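Accompanying notes for the structure given below.
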Amino acid sequence: MRVRAIELVEVGLPLVRPFRTSFGEEHDKRAILVRADAGDVQGWGECVAAEEPRYSDEWLDGAWEVIERWLAPAVLDGGEIDDPHDVAARASWIRGHRMAKAAVEAAVLDAWTRAEGVSVSQWLGGVRDRIPCGVSVGIAPTVEAMLEEIRGYLAAGYQRVKLKIEPGRDVQVVGAMREALPDTPLSVDANAAYTLAQAPVFEALDELGLVMIEQPLDHEDLADHARLQARVRTPICLDESIRSTADARAAFELGACRVVNIKPGRVGGALEAVRIQEAAMQAGVPTWIGGMLETGVGRALNVALASLPGVTMPGDTSASARYFHQDLTELFVVSADGTMAVPQGPGIGVEPDPDRLRACTIRSTLIER
Ligand code: OSB
Ligand code: MG
(Lines give C-alpha, C1' and ligand atoms only; values in the text may rest on other atoms or scores of the structure.)
(Ligands and ions follow the chains in the order given, each with its own letter.)
Protein backbone atom coordinates (compact mmCIF):
# COMPACT_ATOMS: atom_id res chain seq x y z
CA MET A 1 0.00 0.00 0.00
CA ARG A 2 1.22 3.45 -0.82
CA VAL A 3 0.00 6.52 1.07
CA ARG A 4 -0.26 9.38 -1.44
CA ALA A 5 -1.60 12.14 0.78
CA ILE A 6 -2.08 12.91 4.45
CA GLU A 7 -4.69 15.40 5.51
CA LEU A 8 -4.80 17.05 8.93
CA VAL A 9 -8.11 18.37 10.20
CA GLU A 10 -8.40 20.20 13.50
CA VAL A 11 -11.85 19.74 15.01
CA GLY A 12 -13.66 21.28 17.98
CA LEU A 13 -16.68 19.76 19.72
CA PRO A 14 -18.40 21.06 22.86
CA LEU A 15 -18.40 18.57 25.76
CA VAL A 16 -21.76 17.75 27.38
CA ARG A 17 -20.25 18.87 30.70
CA PRO A 18 -16.89 20.38 31.63
CA PHE A 19 -14.25 17.78 32.53
CA ARG A 20 -12.13 18.77 35.51
CA THR A 21 -8.99 16.95 36.66
CA SER A 22 -6.15 17.85 39.05
CA PHE A 23 -4.37 19.47 36.08
CA GLY A 24 -7.16 21.58 34.58
CA GLU A 25 -10.65 21.86 33.18
CA GLU A 26 -11.83 21.27 29.60
CA HIS A 27 -15.09 22.59 28.10
CA ASP A 28 -14.46 21.67 24.49
CA LYS A 29 -12.76 18.76 22.87
CA ARG A 30 -10.15 19.83 20.35
CA ALA A 31 -8.31 17.22 18.31
CA ILE A 32 -6.32 16.70 15.15
CA LEU A 33 -7.78 14.07 12.85
CA VAL A 34 -5.35 12.47 10.42
CA ARG A 35 -6.59 11.08 7.12
CA ALA A 36 -4.28 8.76 5.21
CA ASP A 37 -5.22 8.59 1.55
CA ALA A 38 -3.97 5.41 -0.13
CA GLY A 39 -5.92 5.76 -3.38
CA ASP A 40 -8.49 2.95 -3.20
CA VAL A 41 -8.81 3.19 0.56
CA GLN A 42 -8.41 5.86 3.19
CA GLY A 43 -8.00 5.68 6.93
CA TRP A 44 -8.56 7.94 9.90
CA GLY A 45 -6.65 8.47 13.13
CA GLU A 46 -7.09 10.89 16.03
CA CYS A 47 -4.34 12.74 17.88
CA VAL A 48 -5.06 13.05 21.62
CA ALA A 49 -2.67 15.94 22.28
CA ALA A 50 -4.66 18.65 24.08
CA GLU A 51 -4.42 22.39 23.57
CA GLU A 52 -1.99 22.79 26.46
CA PRO A 53 0.82 20.48 27.63
CA ARG A 54 -0.76 19.64 31.00
CA TYR A 55 -1.34 15.89 30.83
CA SER A 56 1.97 15.31 29.02
CA ASP A 57 4.57 17.41 27.22
CA GLU A 58 2.71 17.24 23.90
CA TRP A 59 0.18 19.82 22.74
CA LEU A 60 -2.06 20.22 19.74
CA ASP A 61 -0.19 22.87 17.77
CA GLY A 62 3.11 21.11 18.42
CA ALA A 63 1.70 17.79 17.22
CA TRP A 64 0.31 19.51 14.11
CA GLU A 65 3.76 20.84 13.25
CA VAL A 66 5.53 17.55 13.97
CA ILE A 67 3.12 15.67 11.73
CA GLU A 68 3.21 18.25 8.94
CA ARG A 69 6.95 18.76 8.98
CA TRP A 70 8.36 15.30 9.72
CA LEU A 71 5.90 12.46 10.28
CA ALA A 72 3.78 12.85 7.15
CA PRO A 73 6.87 13.22 4.91
CA ALA A 74 8.41 10.12 6.56
CA VAL A 75 5.33 8.11 5.58
CA LEU A 76 4.74 9.72 2.16
CA ASP A 77 8.36 9.56 1.01
CA GLY A 78 9.18 6.11 2.38
CA GLY A 79 7.70 4.22 -0.56
CA GLU A 80 5.48 1.16 -0.38
CA ILE A 81 4.13 0.25 3.08
CA ASP A 82 4.50 -3.52 3.57
CA ASP A 83 2.99 -3.56 7.04
CA PRO A 84 1.52 -1.00 9.47
CA HIS A 85 4.64 -1.54 11.65
CA ASP A 86 6.55 0.37 8.94
CA VAL A 87 5.07 3.66 10.20
CA ALA A 88 6.79 3.48 13.58
CA ALA A 89 10.00 2.28 11.92
CA ARG A 90 10.03 5.26 9.54
CA ALA A 91 9.35 7.65 12.41
CA SER A 92 11.80 6.08 14.87
CA TRP A 93 14.45 8.78 14.30
CA ILE A 94 12.01 11.36 15.69
CA ARG A 95 12.42 11.50 19.47
CA GLY A 96 9.24 11.44 21.54
CA HIS A 97 6.07 13.00 20.08
CA ARG A 98 4.22 9.78 20.77
CA MET A 99 0.72 11.23 20.42
CA ALA A 100 1.58 12.63 16.99
CA LYS A 101 3.12 9.31 15.93
CA ALA A 102 0.14 7.34 17.24
CA ALA A 103 -2.31 9.41 15.19
CA VAL A 104 -0.43 8.85 11.94
CA GLU A 105 -0.02 5.14 12.64
CA ALA A 106 -3.74 4.90 13.46
CA ALA A 107 -4.71 6.43 10.11
CA VAL A 108 -2.44 4.02 8.22
CA LEU A 109 -3.66 1.06 10.30
CA ASP A 110 -7.28 1.95 9.50
CA ALA A 111 -6.51 2.22 5.77
CA TRP A 112 -4.46 -1.00 5.84
CA THR A 113 -7.11 -3.09 7.56
CA ARG A 114 -9.83 -1.65 5.30
CA ALA A 115 -7.77 -2.74 2.30
CA GLU A 116 -7.45 -6.22 3.85
CA GLY A 117 -11.17 -6.28 4.65
CA VAL A 118 -10.62 -7.04 8.35
CA SER A 119 -11.45 -5.13 11.49
CA VAL A 120 -8.62 -3.54 13.51
CA SER A 121 -9.74 -5.69 16.45
CA GLN A 122 -9.29 -8.88 14.41
CA TRP A 123 -6.00 -7.73 12.91
CA LEU A 124 -4.55 -6.89 16.34
CA GLY A 125 -5.60 -10.25 17.80
CA GLY A 126 -8.76 -9.25 19.64
CA VAL A 127 -10.66 -12.00 21.42
CA ARG A 128 -13.88 -10.24 22.46
CA ASP A 129 -16.77 -8.76 20.51
CA ARG A 130 -18.09 -6.84 23.53
CA ILE A 131 -16.02 -4.98 26.11
CA PRO A 132 -16.79 -4.00 29.71
CA CYS A 133 -17.10 -0.24 30.22
CA GLY A 134 -16.26 2.08 33.08
CA VAL A 135 -16.63 5.82 33.29
CA SER A 136 -14.29 8.59 34.43
CA VAL A 137 -15.98 11.34 36.46
CA GLY A 138 -14.47 14.81 36.60
CA ILE A 139 -14.07 16.76 39.83
CA ALA A 140 -17.49 18.31 40.57
CA PRO A 141 -18.20 21.46 42.60
CA THR A 142 -20.12 19.55 45.28
CA VAL A 143 -20.49 16.01 46.60
CA GLU A 144 -24.20 16.13 45.66
CA ALA A 145 -23.46 17.08 42.06
CA MET A 146 -20.89 14.30 41.78
CA LEU A 147 -23.29 11.75 43.23
CA GLU A 148 -26.07 12.78 40.89
CA GLU A 149 -23.80 12.42 37.87
CA ILE A 150 -22.59 9.00 39.08
CA ARG A 151 -26.12 7.71 39.69
CA GLY A 152 -26.91 8.51 36.06
CA TYR A 153 -23.91 6.47 34.89
CA LEU A 154 -24.79 3.54 37.14
CA ALA A 155 -28.35 3.58 35.82
CA ALA A 156 -26.86 3.42 32.31
CA GLY A 157 -24.97 0.24 33.27
CA TYR A 158 -21.35 1.32 33.73
CA GLN A 159 -19.38 -1.36 35.59
CA ARG A 160 -16.80 0.83 37.33
CA VAL A 161 -16.67 4.50 38.30
CA LYS A 162 -13.39 6.42 38.40
CA LEU A 163 -13.29 9.54 40.54
CA LYS A 164 -10.81 12.30 39.80
CA ILE A 165 -9.09 13.53 42.95
CA GLU A 166 -6.74 16.37 43.87
CA PRO A 167 -5.18 17.52 47.13
CA GLY A 168 -8.02 18.82 49.31
CA ARG A 169 -10.69 16.88 47.41
CA ASP A 170 -9.82 13.30 48.14
CA VAL A 171 -10.49 11.24 51.27
CA GLN A 172 -13.62 13.13 52.27
CA VAL A 173 -15.20 13.16 48.81
CA VAL A 174 -14.31 9.54 48.04
CA GLY A 175 -15.48 8.50 51.51
CA ALA A 176 -18.84 10.17 50.85
CA MET A 177 -19.14 8.34 47.51
CA ARG A 178 -18.24 5.03 49.15
CA GLU A 179 -20.87 5.58 51.84
CA ALA A 180 -23.57 6.42 49.29
CA LEU A 181 -22.52 3.61 46.93
CA PRO A 182 -21.29 0.76 49.15
CA ASP A 183 -21.23 -1.88 46.39
CA THR A 184 -20.05 0.13 43.37
CA PRO A 185 -16.57 -0.68 42.02
CA LEU A 186 -14.82 2.67 42.55
CA SER A 187 -11.34 3.85 41.62
CA VAL A 188 -9.54 7.19 41.91
CA ASP A 189 -7.21 9.05 39.54
CA ALA A 190 -4.91 11.77 40.88
CA ASN A 191 -3.17 12.60 37.58
CA ALA A 192 0.18 12.84 39.35
CA ALA A 193 -0.90 15.55 41.81
CA TYR A 194 0.67 14.14 45.01
CA THR A 195 4.10 13.42 46.48
CA LEU A 196 5.18 10.50 48.64
CA ALA A 197 5.04 12.86 51.65
CA GLN A 198 1.24 12.71 51.19
CA ALA A 199 1.18 8.91 51.52
CA PRO A 200 -1.26 9.20 54.50
CA VAL A 201 -3.95 10.32 51.99
CA PHE A 202 -3.52 7.03 50.15
CA GLU A 203 -3.39 5.04 53.39
CA ALA A 204 -6.79 6.55 54.22
CA LEU A 205 -8.12 5.80 50.71
CA ASP A 206 -6.78 2.26 51.19
CA GLU A 207 -9.58 1.70 53.74
CA LEU A 208 -12.32 2.44 51.18
CA GLY A 209 -12.12 -0.77 49.15
CA LEU A 210 -11.14 0.87 45.86
CA VAL A 211 -10.42 -1.17 42.74
CA MET A 212 -7.24 0.87 42.19
CA ILE A 213 -5.47 4.18 42.72
CA GLU A 214 -4.41 5.66 39.37
CA GLN A 215 -1.25 7.72 38.92
CA PRO A 216 -0.99 9.13 42.44
CA LEU A 217 2.55 10.54 42.08
CA ASP A 218 4.79 12.34 39.60
CA HIS A 219 4.92 10.79 36.15
CA GLU A 220 8.72 10.55 36.27
CA ASP A 221 8.87 8.78 39.62
CA LEU A 222 8.60 4.99 39.41
CA ALA A 223 10.69 4.53 42.57
CA ASP A 224 8.28 6.52 44.75
CA HIS A 225 5.31 4.66 43.23
CA ALA A 226 7.02 1.41 44.31
CA ARG A 227 7.44 2.80 47.83
CA LEU A 228 3.79 3.85 47.94
CA GLN A 229 2.60 0.48 46.57
CA ALA A 230 4.48 -1.21 49.43
CA ARG A 231 2.39 0.84 51.88
CA VAL A 232 -1.10 0.21 50.46
CA ARG A 233 -3.04 -2.95 49.62
CA THR A 234 -5.08 -1.21 46.90
CA PRO A 235 -3.41 -1.81 43.51
CA ILE A 236 -1.66 1.23 42.07
CA CYS A 237 -2.43 1.75 38.37
CA LEU A 238 -0.02 3.77 36.25
CA ASP A 239 -1.16 6.03 33.42
CA GLU A 240 1.17 9.01 32.72
CA SER A 241 4.28 7.06 33.87
CA ILE A 242 3.99 4.36 31.19
CA ARG A 243 5.07 5.72 27.81
CA SER A 244 6.57 2.53 26.37
CA THR A 245 7.01 -1.21 26.86
CA ALA A 246 10.36 -0.40 28.50
CA ASP A 247 8.58 1.83 31.04
CA ALA A 248 6.07 -0.94 31.73
CA ARG A 249 8.81 -3.55 32.28
CA ALA A 250 10.67 -1.19 34.62
CA ALA A 251 7.47 -0.51 36.58
CA PHE A 252 6.75 -4.25 36.92
CA GLU A 253 10.33 -5.03 38.05
CA LEU A 254 10.24 -2.24 40.63
CA GLY A 255 6.76 -3.14 41.89
CA ALA A 256 5.61 0.39 41.02
CA CYS A 257 2.13 -0.76 39.92
CA ARG A 258 -0.21 -3.74 39.84
CA VAL A 259 -2.44 -2.45 37.01
CA VAL A 260 -1.73 -0.49 33.81
CA ASN A 261 -3.98 1.99 32.02
CA ILE A 262 -3.02 1.67 28.35
CA LYS A 263 -3.64 4.60 26.01
CA PRO A 264 -2.41 4.25 22.43
CA GLY A 265 -1.63 7.98 22.14
CA ARG A 266 0.49 8.08 25.27
CA VAL A 267 2.65 5.13 24.17
CA GLY A 268 3.18 6.11 20.51
CA GLY A 269 0.55 3.96 18.86
CA ALA A 270 -1.73 0.94 18.91
CA LEU A 271 1.11 -1.44 18.03
CA GLU A 272 3.15 -0.38 21.06
CA ALA A 273 -0.05 -0.64 23.10
CA VAL A 274 -0.33 -4.28 21.99
CA ARG A 275 3.24 -4.95 23.16
CA ILE A 276 2.55 -3.37 26.56
CA GLN A 277 -0.52 -5.55 26.91
CA GLU A 278 1.67 -8.60 26.13
CA ALA A 279 4.37 -7.59 28.62
CA ALA A 280 1.70 -7.02 31.27
CA MET A 281 0.14 -10.43 30.59
CA GLN A 282 3.57 -12.06 31.00
CA ALA A 283 4.04 -10.23 34.29
CA GLY A 284 0.54 -11.16 35.47
CA VAL A 285 -0.54 -7.51 35.53
CA PRO A 286 -4.11 -6.75 34.39
CA THR A 287 -4.63 -3.83 32.03
CA TRP A 288 -7.48 -1.68 30.71
CA ILE A 289 -7.80 0.90 27.98
CA GLY A 290 -7.92 4.51 29.08
CA GLY A 291 -9.34 7.47 27.24
CA MET A 292 -8.62 11.10 26.40
CA LEU A 293 -12.20 12.22 25.70
CA GLU A 294 -11.78 11.05 22.10
CA THR A 295 -14.28 11.57 19.30
CA GLY A 296 -15.62 8.43 17.64
CA VAL A 297 -12.45 8.14 15.53
CA GLY A 298 -10.11 7.71 18.49
CA ARG A 299 -12.73 5.86 20.53
CA ALA A 300 -13.01 3.19 17.82
CA LEU A 301 -9.31 2.35 18.11
CA ASN A 302 -9.54 2.25 21.93
CA VAL A 303 -12.48 -0.13 21.71
CA ALA A 304 -10.55 -2.39 19.30
CA LEU A 305 -7.62 -2.47 21.76
CA ALA A 306 -9.99 -3.30 24.60
CA SER A 307 -10.79 -6.56 22.81
CA LEU A 308 -7.21 -7.87 23.33
CA PRO A 309 -6.69 -10.86 25.66
CA GLY A 310 -4.60 -9.05 28.31
CA VAL A 311 -7.10 -6.20 28.64
CA THR A 312 -9.26 -7.67 31.36
CA MET A 313 -10.60 -4.72 33.36
CA PRO A 314 -13.39 -2.28 32.42
CA GLY A 315 -11.85 0.74 30.68
CA ASP A 316 -12.60 4.44 30.32
CA THR A 317 -14.21 3.52 27.01
CA SER A 318 -17.57 5.19 27.62
CA ALA A 319 -20.48 5.89 25.27
CA SER A 320 -20.26 8.78 22.79
CA ALA A 321 -23.19 10.40 24.64
CA ARG A 322 -21.10 10.64 27.84
CA TYR A 323 -18.92 13.20 26.03
CA PHE A 324 -20.83 14.79 23.13
CA HIS A 325 -24.35 15.77 22.12
CA GLN A 326 -23.25 15.02 18.58
CA ASP A 327 -20.18 12.93 17.78
CA LEU A 328 -18.38 12.86 14.43
CA THR A 329 -18.97 9.19 13.68
CA GLU A 330 -21.53 6.43 14.23
CA LEU A 331 -22.23 6.40 17.96
CA PHE A 332 -20.75 4.09 20.56
CA VAL A 333 -23.38 2.95 23.01
CA VAL A 334 -23.21 1.16 26.34
CA SER A 335 -25.91 -1.43 26.94
CA ALA A 336 -27.70 -2.08 30.22
CA ASP A 337 -25.11 -4.72 31.19
CA GLY A 338 -22.34 -2.11 30.92
CA THR A 339 -20.75 -3.47 27.76
CA MET A 340 -20.07 -1.99 24.34
CA ALA A 341 -19.88 -3.71 20.96
CA VAL A 342 -16.50 -3.87 19.24
CA PRO A 343 -16.98 -2.70 15.64
CA GLN A 344 -16.66 -5.68 13.30
CA GLY A 345 -16.57 -3.84 9.97
CA PRO A 346 -13.32 -3.23 8.07
CA GLY A 347 -10.76 -0.96 9.72
CA ILE A 348 -11.85 0.86 12.87
CA GLY A 349 -15.43 0.27 11.71
CA VAL A 350 -16.58 3.89 11.81
CA GLU A 351 -15.95 7.03 9.75
CA PRO A 352 -16.47 10.74 10.34
CA ASP A 353 -19.74 11.91 8.83
CA PRO A 354 -18.74 14.48 6.14
CA ASP A 355 -21.35 17.06 7.21
CA ARG A 356 -20.54 16.73 10.92
CA LEU A 357 -16.84 16.91 10.14
CA ARG A 358 -17.31 20.09 8.10
CA ALA A 359 -19.37 21.65 10.88
CA CYS A 360 -16.64 20.90 13.48
CA THR A 361 -13.58 21.79 11.39
CA ILE A 362 -11.35 24.61 12.65
CA ARG A 363 -8.59 24.26 10.03
CA SER A 364 -7.19 21.67 7.67
CA THR A 365 -4.18 21.08 5.48
CA LEU A 366 -3.32 18.53 2.80
CA ILE A 367 0.19 17.14 2.43
CA GLU A 368 0.45 15.45 -0.98
CA ARG A 369 3.01 13.81 -3.16
O1 OSB B 1 -6.04 10.59 33.32
O2 OSB B 1 -7.22 9.13 32.39
C3 OSB B 1 -6.88 10.30 32.49
C4 OSB B 1 -9.04 12.50 30.23
C5 OSB B 1 -8.09 13.36 29.71
C6 OSB B 1 -6.79 13.24 30.14
C7 OSB B 1 -6.42 12.26 31.08
C8 OSB B 1 -7.38 11.38 31.57
C9 OSB B 1 -8.71 11.53 31.16
C10 OSB B 1 -9.78 10.71 31.69
C11 OSB B 1 -11.04 10.58 30.85
O12 OSB B 1 -9.78 10.20 32.78
C13 OSB B 1 -11.12 9.26 30.19
C14 OSB B 1 -12.19 9.26 29.12
O15 OSB B 1 -13.35 9.08 29.49
O16 OSB B 1 -11.88 9.44 27.94
MG1 MG C 1 -5.43 8.78 34.25
Side-chain angles (χ1 to χ4, degrees), residues 13 15-31 46-60 63 98-99 102 131-140 146 149-150 152-153 156 158-166 186-194 210-219 225 235-243 247 251 257 259-267 273 287-303 305-306 313-324 327 332 334 338 340:
L13 288 78
L15 291 169
V16 292
R17 51 162 61 88
F19 189 73
R20 180 157 161 225
T21 64
S22 64
F23 61 80
E25 183 168 275
E26 288 184 74
H27 295 258
D28 296 283
K29 173 63 191 178
R30 297 268 291 276
E46 177 169 341
C47 181
V48 296
E51 282 177 83
E52 296 179 331
R54 293 180 183 273
Y55 167 82
S56 78
D57 49 14
E58 288 185 82
W59 79 104
L60 193 149
R98 291 179 170 88
M99 291 174 175
I131 56 157
C133 298
V135 61
S136 173
V137 180
I139 296 168
M146 199 172 219
E149 185 182 342
I150 293 172
Y153 296 137
Y158 287 102
Q159 298 186 13
R160 178 275 280 148
V161 174
K162 165 168 132 183
L163 309 168
K164 291 289 184 177
I165 58 167
E166 64 183 0
L186 292 177
S187 68
V188 294
D189 186 359
N191 288 108
Y194 296 81
L210 303 175
V211 181
M212 66 193 130
I213 297 170
E214 183 174 340
Q215 197 68 43
L217 311 178
D218 191 87
H219 68 286
H225 277 103
I236 288 180
C237 168
L238 290 177
D239 173 354
E240 285 91 327
S241 288
I242 308 296
R243 295 154 307 177
D247 281 347
C257 69
V259 177
V260 178
N261 166 349
I262 301 178
K263 295 176 179 172
R266 196 192 65 225
V267 305
T287 65
W288 51 279
I289 304 299
M292 299 286 290
L293 314 177
E294 289 91 341
T295 78
V297 172
R299 187 161 313 282
L301 183 62
N302 291 346
V303 171
L305 286 166
M313 299 177 80
D316 284 346
T317 40
S318 308
S320 309
R322 182 256 172 273
Y323 308 94
F324 312 110
D327 203 341
F332 286 86
V334 167
M340 181 185 279

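This is a predicted model, so every value here is computed, not measured. Computed from heavy atoms alone, side chains included, the values below leave out hydrogens, waters and symmetry copies. Remember, it's 1-based here, ligands and their atoms both numbered in the order they're listed.
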Original post:
If you measure from the Lys or Arg side-chain nitrogens to the Asp or Glu carboxylate oxygens, is any gap between Arg160 and Asp316 under 4.0 Å?
Top reply: yes
Original post:
Should Glu166 and Arg20 count as side-chain neighbours, where that means a heavy-atom distance under 4.5 Å?
Top reply: yes
**OP:** For the atoms OD2 of Asp239 and OE2 of Glu214, give the angle they form at the Mg ion (ligand 2), rounded to 10 degrees.
**Re:** 90°
**OP:** Identify, by atom number and element, the atoms of ligand 1 in contact range of Glu214, meaning under 4.0 Å from any of its heavy atoms.
**Re:** 2 (O)
Original post:
Between Tyr323 and Lys29, is any pair of side-chain heavy atoms under 4.5 Å apart?
Top reply: no
Original post:
With respect to Asn191, which candidate in Gln215, His219, Lys164 satisfies the side-chain hydrogen bond (donor to acceptor under 3.5 Å, both in side chains) definition?
Top reply: Lys164
Subject >> Nearest-contact summary for atom 16 (O) of ligand 1 - protein heavy atom, Å >> reply: Leu293 N, 2.9 Å
Original post:
At what distance, to the nearest 0.5 angstrom, does CD of Glu52 lie from CZ of Arg30?
Top reply: 10.5 Å
**OP:** Assess Lys164 for proximity to ligand 1: is some non-hydrogen atom of it under 4.0 Å away?
**Re:** yes
Original post:
Does some side-chain heavy atom of Trp288 sit less than 4.5 Å from a side-chain heavy atom of Cys237?
Top reply: yes
**OP:** Scan side-chain atoms only and decide if Ser56 and Glu240 contain a donor-acceptor pair under the 3.5 Å cut-off.
**Re:** no
**OP:** Check each of Lys263, Glu294, Arg266 against atom 2 (O) of ligand 1 and report the one with the nearest heavy atom.
**Re:** Lys263
Original post:
Relative to the heavy atoms of Tyr55, which atoms of ligand 1 are at a distance of less than 4.0 Å?
Top reply: 7 (C)
**OP:** Taking the Mg ion (ligand 2) as the reference point, name the nearest N/O/S atom of Asp189.
**Re:** OD2
Subject >> Side chain, backbone, both or neither: the part of Arg322 lying under 4.0 Å from ligand 1 by heavy atom >> reply: neither
Original post:
Between Asn191 and ligand 1, which residue portion shows a heavy-atom distance shorter than 4.0 Å: side chain, backbone, both, or neither?
Top reply: side chain
**OP:** Any chance you could measure Thr317, atom OG1, to Ile289, atom CD1, to the nearest 0.5 Å?
**Re:** 8.0 Å
Subject >> Residue portion contacting ligand 1 (non-hydrogen atoms closer than 4.0 Å) for Glu26 >> reply: neither
Subject >> Aromatic plane relationship, Phe23 with Tyr55 - under 30° parallel, 30 to 60° tilted, over 60° perpendicular >> reply: tilted
**OP:** Look at atom 14 (C) of ligand 1 and say which protein heavy atom is nearest, naming residue and atom and giving the distance to 0.1 Å.
**Re:** Tyr323 OH, 3.3 Å
Subject >> Closest non-hydrogen atom pair between Arg266 and Ile242, with its separation >> reply: NE-O, 2.6 Å
Subject >> Which residue and heavy atom of the protein sit nearest atom 6 (C) of ligand 1, plus the separation >> reply: Met292 SD, 3.5 Å
Subject >> Closest approach of any protein heavy atom to atom 9 (C) of ligand 1, naming residue and atom >> reply: Gly291 O, 3.6 Å
**OP:** Number the atoms of ligand 1 from 1 as they appear, then name those within less than 4.0 Å of a heavy atom of Asp239, with their elements.
**Re:** 1 (O), 2 (O), 3 (C)
**OP:** Tell me which part of Asp189 gets within contact of ligand 1: side chain, backbone, both or neither, using heavy atoms under 4.0 Å.
**Re:** side chain
Original post:
Which is closest to atom 12 (O) of ligand 1 in terms of heavy atoms, Cys237, Gly134, Ser136, Ser56?
Top reply: Ser136
Original post:
Side chain, backbone, both or neither: which part of Gln215 comes within less than 4.0 Å of ligand 1 when only heavy atoms are counted?
Top reply: neither
**OP:** Nearest 0.5 Å please: distance from the CG atom of Leu238 over to the CG atom of Asn261.
**Re:** 9.5 Å
Original post:
Which protein heavy atom lies closest to atom 4 (C) of ligand 1, and at what distance to 0.1 Å?
Top reply: Phe19 CE2, 3.6 Å
**OP:** To the nearest 0.5 Å, tell me how far Met340 CE sits from Ser320 OG.
**Re:** 6.5 Å
Subject >> Sub-4.0 Å atoms of ligand 1 with respect to non-hydrogen atoms of Lys162 >> reply: 2 (O), 3 (C), 12 (O)
